[in-house]
Amino acid sequence: MSFRCAWCLAGGPLDIAYHDTEWGVPEHDDRKLFEGLVLEGAQAGLSWSMILRRREAYRAAFADFDAGRIARFEEVDISRILGDSGVIRNRLKIAATVTNARALLRLLEGFPSFDAYLWRFVDGQPRTNHWTTAAEVPTATAVSRSLSKDLHSRGFRFVGPTIAYAFMQAAGMVNDHVAGCFRWREVQEPGGRE
């Protein structure tokens with residue numbers, strides 16, 4: 001018998017669609033990876049449903065997550081975004097997005113892509129877990145702690161171990177769909193990853 005991961009059912013149609021089509025699918029596009037990292041940081045202390053409902057506003061406010069453009073944002077841009085009711089108006093999180101864009105550009109001086117940098121933490125392959133209940137799924141792991149520490153050392157903010165792990169789950173670096181979820185097997189197969 002297959003079902004969906006319980007976390008998506010309480011949030012409504014957007015959460016279910018996200019679970020069924022995006023969450024846990026291995027992502028390799030640098031812009032989408034940067035977007036995911038920013039949104040996971042924005043979600044800290046809030047619900048993922050709230051972020052999903054605001055994702056388009058975030059894309060508009062943050063230049064469709066073009067790190068080169070965001071890195072040039074100044075205080076006037078941060079003030080503009082703080083006035084945007086479509087995003088979470090938290091100065092620290094908004095400023096961290098600009099900081100993270102700048103950190104990403106510096107990181108890319110030493111790596112061919114953000115994708116190449118991130119996926120080396122899992123040896124280039126998704127790690128498939130075999131959880132049977134949501135209670136078994138960790139909130140952080142040794143790998144997410146290592147990723148968090150490395151990102152911090154490179155100047156990234158709002159990337160603690162729990163945020164790093166949530167990002168890894170969303171980006172498909174780990175498959176944390178519970179084993180009975182219909183997506184657990186699908187995201188492992190090339191045709192089910194889309």
Side-chain angles (χ1 to χ4, degrees), residues 1-55 58 65 88 93 96 100 113-152 156-194:
M1 178 174 172
S2 66
F3 53 87
R4 286 183 174 92
C5 297
W7 66 261
C8 74
L9 300 176
L14 263 181
D15 297 74
I16 292 170
Y18 174 74
H19 169 273
D20 290 359
T21 61
E22 294 181 60
W23 192 74
V25 176
E27 183 59 68
H28 296 283
D29 178 272
D30 276 9
R31 190 179 290 207
K32 289 180 182 176
L33 288 165
F34 182 60
E35 173 181 343
L37 189 65
V38 168
L39 294 180
E40 291 295 347
Q43 184 267 332
L46 305 169
S47 75
W48 185 245
S49 295
M50 180 181 294
I51 300 303
L52 279 179
R53 287 192 308 269
R54 295 166 183 252
R55 186 161 53 165
Y58 270 90
F65 293 98
I88 305 303
K93 291 178 180 181
N100 290 352
S113 64
F114 195 32
D115 172 63
Y117 164 78
L118 290 167
W119 280 85
R120 69 192 178 97
F121 285 89
V122 291
D123 300 321
Q125 294 295 318
R127 295 189 176 176
T128 299
N129 291 312
H130 298 83
W131 314 120
T132 56
T133 68
E136 295 174 277
V137 180
T139 58
T141 64
V143 176
S144 77
R145 285 186 282 278
S146 177
L147 174 58
S148 170
K149 183 177 179 180
D150 198 77
L151 286 167
H152 272 292
F156 286 81
R157 299 295 173 254
F158 279 92
V159 289
T162 300
I163 290 170
Y165 194 66
F167 167 74
M168 291 172 65
Q169 292 172 311
M173 294 170 70
V174 293
N175 178 0
D176 270 352
H177 287 280
V178 293
C181 175
F182 77 99
R183 289 297 284 162
W184 179 78
R185 187 167 308 285
E186 285 184 0
V187 299
Q188 296 173 61
E189 301 166 358
R193 293 182 176 183
E194 299 169 6

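Just so you know, these numbers come straight off a predicted model, no measurement behind them.
Checked against side-chain contact (heavy atoms from CB on, under 4.5 Å), Asn175 has the following partners two or more places apart in sequence or in another chain: Thr128, His177, Trp184, Val187, Gln188. Listed by chain and number, the residues in a salt bridge (charged side-chain N to carboxylate O under 4.0 Å, His left out) with Asp30 amount to none (sequence neighbours excluded). For Ala116, the side-chain contact (heavy atoms from CB on, under 4.5 Å) criterion is met by Pro112, Ser113, not counting sequence neighbours. Looking at residues two or more places apart in sequence or on another chain, you find a side-chain hydrogen bond (donor to acceptor under 3.5 Å, both in side chains) between Arg55 and Glu22. Applying the salt bridge (charged side-chain N to carboxylate O under 4.0 Å, His left out) test to Arg185 and every residue at least two apart in sequence or in another chain returns nothing.
What you find for Asp123 and Arg127 is that their closest heavy atoms are OD2-NH2, 4.1 Å. Of all heavy-atom pairs spanning Val122 and Met168, the tightest one is CG1-CE, 4.0 Å. Trp119 approaches Pro126 most closely through the heavy-atom pair CZ3-N, 3.6 Å. Between Gly36 and Phe167, the closest heavy-atom pair is C-CD1, 3.7 Å. Of all the heavy atoms in Gly160 and His152, the pair that sits closest is N-NE2, 4.1 Å. In terms of heavy-atom proximity, Ala42 sits nearest to Tyr58 at CB-OH, 3.5 Å.
Distance check: His130 NE2 to Asp176 CG gives 11.0 Å after rounding to the nearest 0.5 Å. To the nearest 0.5 Å, the span separating CD1 on Ile51 from CG on Asp15 amounts to 11.5 Å. Between the CH2 atom in Trp131 and the SG atom in Cys5 there is a gap of 13.0 Å [rounded to 0.5 Å]. Distance check: Asn129 CG to Glu136 CD gives 10.0 Å after rounding to the nearest 0.5 Å. Here the OH-OG distance, from Tyr18 to Ser49, works out to 11.0 Å after rounding to the nearest 0.5 Å. Rounded to the nearest 0.5 angstrom, Leu39 CG and Lys93 NZ are separated by 11.0 Å.
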Would you check, one step at a time, whether the test side chain to side chain donor-acceptor pair (under 3.5 Å) holds for Gln43 with Ser47? CA-CA 6 Å; Gln43 184 267 332; Ser47 75; over 6 Å; no
side-chain contact (heavy atoms from CB on, under 4.5 Å) between Thr139 and Tyr165: does it pass, once the steps are laid out? CA-CA 7 Å; Thr139 58; Tyr165 194 66; 5.9 Å; no
Going through the distances and angles, do Arg54 and Leu46 end up as a side-chain contact (heavy atoms from CB on, under 4.5 Å)? CA-CA 12 Å; Arg54 295 166 183 252; Leu46 305 169; over 6 Å; no
Hey, mind stepping through Phe158 and Val38 against side-chain contact (heavy atoms from CB on, under 4.5 Å) and telling me if it holds? CA-CA 8 Å; Phe158 279 92; Val38 168; over 6 Å; no
Pair Val137, Gln169 - check side-chain contact (heavy atoms from CB on, under 4.5 Å), show working. CA-CA 10 Å; Val137 180; Gln169 292 172 311; 3.4 Å; yes
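Salt bridge annotation for Arg4-Asp20: present, with a cationic side-chain nitrogen under 4.0 angstrom from a carboxylate oxygen. For the pair Asp115 and Lys32, the salt-bridge criterion is not met [side-chain N within less than 4.0 Å of a carboxylate O].
Using the six-membered ring where Trp is involved, Tyr117 and Phe121 have ring planes that are perpendicular, over 60° apart on the 30 and 60° scheme.
A distance-only check finds a donor-acceptor pair linking the side chain of Ser148 to the backbone of Val159 [under 3.5 Å]. Of the possible polar contacts, one joining the Ser144 side chain to the Pro161 backbone as a donor-acceptor pair under 3.5 Å is found. Here the side chain of Ser146 pairs no donor or acceptor atom with the backbone of Ala142 at under 3.5 angstrom.
Between Trp23 and Trp48, the distance separating the two ring centers is not shorter than 6.0 angstrom.
Residues Asp150 and Phe156 are not in side-chain contact: their nearest non-hydrogen atoms beyond the backbone lie 4.5 Å or more apart.
For the salt bridge (charged side-chain N to carboxylate O under 4.0 Å, His left out) condition, the pairs that include at least one residue of residues 33-46, sequence neighbours left out, are Glu35-Arg59.
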